[in-house]
Amino acid sequence: DAEITQSPRHKITETGRQVTLACHQTWNHNNMFWYRQDLGHGLRLIHYSYGVHDTNKGEVSDGYSVSRSNTEDLPLTLESAASSQTSVYFCASSESGQGYGYTFGSGTRLTVV
Amino acid sequence: DAKTTQPNSMESNEEEPVHLPCNHSTISGTDYIHWYRQLPSQGPEYVIHGLTSNVNNRMASLAIAEDRKSSTLILHRATLRDAAVYYCILSTSGTYKYIFGTGTRLKVLA
């Protein structure tokens with residue numbers, strides 16, 4: 001079965017370190033998205049991609065970067081982790097077209113100490 | 001991006017219908033209305049979506065006002081497993097990104 005997987009599920013890192021969160025989907029979806037969710041809040045869009053070599057900034061992109069070298073993967077990099085980036089991160093993918101919904105991964109809980 | 005407004009929280013008794021409202025007064029003609037829900041400690045999951053006509057699927061029904069400025073997600077018989085945060089989202093034709101609001105937290109009482 002097709003799926004979208006995020007790794008790791010949990011990570012603790014130190015302030016100032018570079019961190020990369022992985023997102024891998026086998027749906028062959030063109031569109032991929034990264035969101036963060038802070039305790040008691042909704043999801044905020046960080047970056048998104050509509051295809052290979054395409055990346056776009058979302059609502060809260062400062063301090064984050066992504067690259068899309070193939071259809072399956074959209075890794076999210078925190079260039080220099082800050083305590084304000086402690087959050088749960090969700091990756092999602094979708095087919096192009098308004099009739100298609102998102103499929104979300106299970107999330108990565110990141111703690112920056 | 002057009003905004004949506006939802007009540008922060010609602011309660012329902014188990015096995016009773018639930019009507020979750022969403023206002024989107026600035027919706028444009030090509031905006032789709034999507035509903036997602038997020039169960040505790042999980043990622044959001046798709047519930048239903050529509051453009052102009054009412055929609056039904058195995059999970060829920062979506063009733064869209066004639067002027068499209070509001071919509072209602074209907075769960076026909078709430079169960080304890082339906083306790084979640086429900087998000088109403090608009091998407092504009094040609095873009096596939098969703099901007100989430102804070103959603104409605106549904107509590108189902110046994």
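Everything quoted here is computed from the prediction, not taken from an experiment. Chain A is the first sequence line, chain B the second, and so forth, proteins listed ahead of strands; every chain is numbered from 1.
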Q. Can you say whether A:L45 sits under 4.5 Å from chain B via the side chain, the backbone, both, or neither, judging by heavy atoms?
A. side chain
Q: Please state whether the side chain, the backbone, both or neither of A:Q6 comes within less than 4.5 Å of a heavy atom of chain B.
A: neither
(Q) For A:Q18, is the CD atom crowded, meaning more than 12 foreign heavy atoms sit under 6.0 Å from it? (A) yes
Do [X] and [Y] sit in one hydrophobic cluster, given that two such residues count as connected whenever their side-chain heavy atoms are within less than 4.5 Å of each other, even indirectly?
X     : Y      : value
B:L90 : B:L62  : yes
A:V88 : A:V112 : no
A:V19 : A:V60  : yes
B:Y46 : B:I74  : no

Q: With rounding to the nearest 0.5 Å, note down the distance linking NZ in B:K97 to OH in A:Y35.
A: 9.0 Å
Q | N/O donor-acceptor pair under 3.5 Å between A:Y48 side chain and B:Y96 backbone | A | no
Q: Scan for salt bridge (charged side-chain N to carboxylate O under 4.0 Å, His left out) pairs involving residues 3-21 of chain A, sequence neighbours excluded, and state none if there are none.
A: A:E14-A:R17
Q) Could you name the residues of residues 34-41 of chain B that have a heavy atom within less than 4.5 Å of a heavy atom in chain A? A) B:H34, B:Y36, B:Q38
Q) Quick one: ring pair (Phe, Tyr, Trp, His ring centres under 6.0 Å) partners of A:Y102, sequence neighbours excluded? A) A:F33, A:F104, B:Y98
Q.
If the condition is ring pair (Phe, Tyr, Trp, His ring centres under 6.0 Å), which residues does B:Y86 pass it with, not counting sequence neighbours?
A. none
